[in-house]
Structure formats: C-alpha cells, structure tokens
Amino acid sequence: MSTAGQVIRCKAAVAWESGKPLSIEEVEVAPPQKDEVRIKILFTSLCHTDVYFWDAKGQNPLFPRILGHEAGGIVESVGEGVTDLKPGDHVLPIFTGECKECPHCLSEESNMCDLLRINTDRVGMINDGKSRFSLNGKPIYHFLGTSTFSEYTVVHVGQVAKINPHAPLDKVCVLSCGMSTGFGATVNVAKPKKGQSVAIFGLGAVGLAAAEGARVSGASRIIGIDLNPSRFEQAKKFGVTEFVNPKDYNKPVQEVIVEMTGGGVDRSVECTGSIQAMISAFECVHDGWGVAVLVGVPNKDDAFKTHPVNLLNERTLKGTFFGNYKPRSDIPAVVEKYMNKELELDKFITHTVPFSEINKAFELMLAGEGLRCVIRMDA
C-alpha cells in the first residue's frame, strides 16, 4: 500500500531540552512539498555536531528538535518538481546542499551553495519555513535540513545524494558527514603528493578520515597530533606512522614537528576546532610549498593570530567545508570508492545500537569511546 501523499506516523527520537536523554515518540511526518523528498531512514550514525547542538551550550537552544544528519535510507515519495529522484532510490541525506543553480554551485571551485549551505538555526523547510514533523498537533523542529533520528524524514531534494543501490547503507551512511569532511579535506584541498609528509591535528573520526586520505594519496609520513595518547593505537589502522602529544614538550608543538621533519611537513590538516591547533597546523608546514587546511569549527569569539611573514615565506592556509564535495554531484563517486575497495569505512564504525537505545550512542561519544556508532532504525 502506497503512503505517498499521506501523513506517516512513525517513531522519532526527540530532544526536548538541552542535555537530557532523547525520548522515543510517535510523531507525524507530513508529505513532501515542492522540491522535497520523504525518506525512510534505515541507518543513522551519531556525529559530534549532533551532541554539540543537543548540549546547546554554544548556540541558540532550539527544542523540541529531531537531531541527526549522518544517515542512509530509501526514498518513500517525492514532492512536486522532483525529477531526478523516485521512490525506491537509495540515498544519503546531507546537511549541506547543492541547488545546481547559484554562483557557488556553478563554480567548479566551491561547494558552498547559496540556497542550501548549512544553517544551524533553520528549524523548518526552505519552501515555507514550516516543520514537516508534529506531535499532538504541535510542530517539532528540524535540524540541518535532515533530522535523521526519525524512521521517516523530509529533506530538500538539493540535500539528497542518490547512490549505488548495492552499497551497504549501514556502512556508507558515515559518508554523509564526517568521513567525507576529513577525507576530502586531504584529497581535495591539501592534495599531498605521493611520498610527502602530512600532519593531522586531532585523531577523532574526522581526523582519522583525513589520515585515510593521506594514506590513499601515498603519503610517506603521517604524523598524528593529539592530547590523548590512547588514540594512537587505533590511528595506526588509518595510516598514521608517528604520534606527537603536545603535552610531552615544553615548547610549541609546531617547533617539535619542524625539527622532526627537517623544516616542516608538506601538508597539515587541522580537525579539532582549537585555535592553538590551527596556529600550530599552519606554522608546522614547510616554507616554500607547505599547505595547511583548517577543518575544525572554532568557537564564535575565537581569533587566529600568526605572523604575516609565515605567509610571505610561501606557506598556504586554506579552509574547507564538507571536504569540498558537492553533495549531489560528488558523493555518489565517493561511495563508489568504497565499493571498489579504494576507501575503507568499516574501521570507522566501532559500535552499533538499535534505535530504541539511541541514548547509548550519546553515552559512548561523551565517554570518548569509539569513532562512529551506527543506529539501526528497524530495531
């Protein structure tokens, strides 16, 4: 029986207030409107960004809200004007979008769509500003246009990547945020050449995805920098060859790296959001050709300070957003890299929990255990 055009009642994990466990509720999900797609979510995973907005310390607390933005699912129905997706398509909903019409989307150099780029304060759909979720007649806010902690969700067509139907959704779901962000930061932005050295600041999931990018690029030395020494053993699986803990030295870590490498690394990728790490990542690259790429999101009042001579000496500082991938155009090819065994994803997924135990995923992340916890929606 088709559910197209009908309101669907399904389970969703609702965040009612800051830092409180999510509550599994039966919500109503309205049909997709113009340029929208309704997706049956099969697998979703927990990313640090979900935890950050659930905790709501650094931004506007917007509740009740359905969080979640790393996921894989199947199109249930499409709204008016949607031509490139149909029911049954396997898809990844993505927290940023590609309208294919704005100057950014038409540029080969940018993935920062004017219409659909990430907006953490947007709580409804772009079409009418309203929510497609409700509970007892009251709206529940969307999150990043995806809200994947629900058995069904409604997403703008520009935020949906159609992928190979043979790709296992329980693995490739992690490509819809963290893994693509880190991997792309290295392969698309830092672009290390074969045999070069790369420093990775922060060995969480995104940093290890950046290390994976360095490994795939053929880097000869991959130096991991982290304040937590327990992360090094795991990092070896992602190609990290050496480990530096800034706490072990009484001088700035960039000086340590410059000495270790005889002048600095060829490339560095910063995945912590710490201003100190950003400065270190920039100042540890080799003059003449070194490139530093910033991935981590700083606090809103942070400022970055370095001496201009570091730039004049031909070091390059770059920023990146979602690994410079355009969601609809590029992510299907990243899924193919996994299918062709050029990219390993299984090692990022350290835990799996049923949807009924979604709060366990939060506990694991808060305890710093594992990298990605995949949540099975049918359980």
Side-chain angles (χ1 to χ4, degrees), residues 2-10 12 14-15 27-41 44 49-50 53 59-60 62-106 110-162 176-177 321-322 326-329 331:
S2 171
T3 45
Q6 316 277 324
V7 169
I8 290 179
R9 296 179 73 89
C10 69
V14 178
V27 299
E28 296 193 330
V29 186
Q33 306 289 318
K34 186 176 187 298
D35 295 333
E36 294 171 6
V37 182
R38 190 159 58 182
I39 301 168
K40 180 178 172 64
I41 299 293
T44 183
T49 306
D50 296 307
F53 281 86
Q59 67 289 320
N60 295 332
L62 296 164
F63 298 101
R65 205 169 197 185
I66 296 173
L67 299 167
H69 66 283
E70 256 190 20
I74 296 174
V75 173
E76 174 269 339
S77 61
V78 301
E80 178 199 336
V82 175
T83 54
D84 51 353
L85 288 169
K86 62 186 187 308
D89 283 345
H90 286 224
V91 293
L92 302 181
I94 295 177
F95 67 92
T96 184
E98 180 186 355
C99 72
K100 299 198 171 185
E101 292 170 4
C102 72
H104 282 278
C105 286
L106 296 174
S110 174
N111 67 337
M112 310 251 322
C113 175
D114 284 330
L115 181 69
L116 296 166
R117 76 172 66 173
I118 185 171
N119 178 348
T120 57
D121 288 336
R122 192 168 67 229
V123 294
M125 298 301 287
I126 279 182
N127 186 25
D128 57 7
K130 293 182 177 152
S131 175
R132 302 288 174 260
F133 298 109
S134 60
L135 178 59
N136 301 326
K138 299 212 170 80
I140 298 176
Y141 295 143
H142 290 249
F143 178 63
L144 302 183
T146 51
S147 291
T148 61
F149 293 167
S150 174
E151 291 176 320
Y152 288 86
T153 188
V154 177
V155 181
H156 190 285
V157 66
Q159 288 183 241
V160 182
K162 179 182 171 180
S176 61
C177 177
F321 169 68
F322 191 50
K326 293 181 189 276
R328 296 160 86 182
S329 303
I331 292 305

Look only at the side chain of H142 and the backbone of R132, and say whether a donor-acceptor pair between them is shorter than 3.5 Å. yes
Any sub-3.5 Å donor-acceptor pair from R117's side-chain atoms to M112's backbone N or O? yes
In this structure, CD of E28 is separated from OG of S131 (nearest 0.5 Å) by 11.5 Å
Please examine the side chains of P93 and I41, heavy atoms only from C-beta on, and report whether any two atoms are closer than 4.5 Å. yes
Tell me if a side-chain donor or acceptor on S77 pairs with a main-chain N or O of R38 at a distance below 3.5 Å. no
Has S176 got a side-chain atom pairing as donor or acceptor with I94's backbone, closer than 3.5 angstrom? no
Counting distance only, does the side-chain N/O of Q159 pair as donor-acceptor with the main-chain N or O of L144 below 3.5 Å? yes
Using a 3.5 Å distance criterion without hydrogens, assess whether the side chain of S147 forms a donor-acceptor pair with backbone atoms of I66. yes
Apply side chain to side chain contact (heavy atoms under 4.5 Å, CB included) to residues V29 and F133 and explain how you reach the verdict. CA-CA 5 Å; V29 186; F133 298 109; 3.9 Å; yes
For the residue pair C99 and D114, establish whether any side-chain heavy-atom pair is separated by less than 4.5 Å. no
Is a donor on one side and an acceptor on the other found under 3.5 Å between the side chain of Q6 and the backbone of T3? no
Main-chain N/O of G68 paired to D50 side chain as donor or acceptor, under 3.5 Å: yes
Donor-acceptor pair, distance only, cut-off 3.5 Å: does the side chain of E98 make one with the backbone of R328? yes
Whether the side chain of T153 engages the backbone of T146 through a donor-acceptor N/O pair (distance < 3.5 Å, no angle test) should be reported. yes
So I8 and K40, do their side chains get closer than 4.5 Å, heavy atoms only? no
Evaluation steps, side chain to side chain contact (heavy atoms under 4.5 Å, CB included), between N111 and T96: CA-CA 9 Å; N111 67 337; T96 184; 5.6 Å; no
Within a 6.0 Å radius of atom CZ on F321, are there more than 12 heavy atoms belonging to other residues, nucleotides or ligands? yes
Go through it in stages, so that I can follow the logic: the residues are M125 and Q33, the test is side chain to side chain contact (heavy atoms under 4.5 Å, CB included), and I'd like the CA-CA distance, side-chain angles, deciding distance and then a yes or no. CA-CA 9 Å; M125 298 301 287; Q33 306 289 318; over 6 Å; no
Walk me through it: do S329 and K100 pass the test side chain to side chain contact (heavy atoms under 4.5 Å, CB included)? CA-CA 9 Å; S329 303; K100 299 198 171 185; 4.2 Å; yes
Below 4.5 Å, heavy atoms only, C-beta onward: do D35 and N127 meet side chain to side chain? no
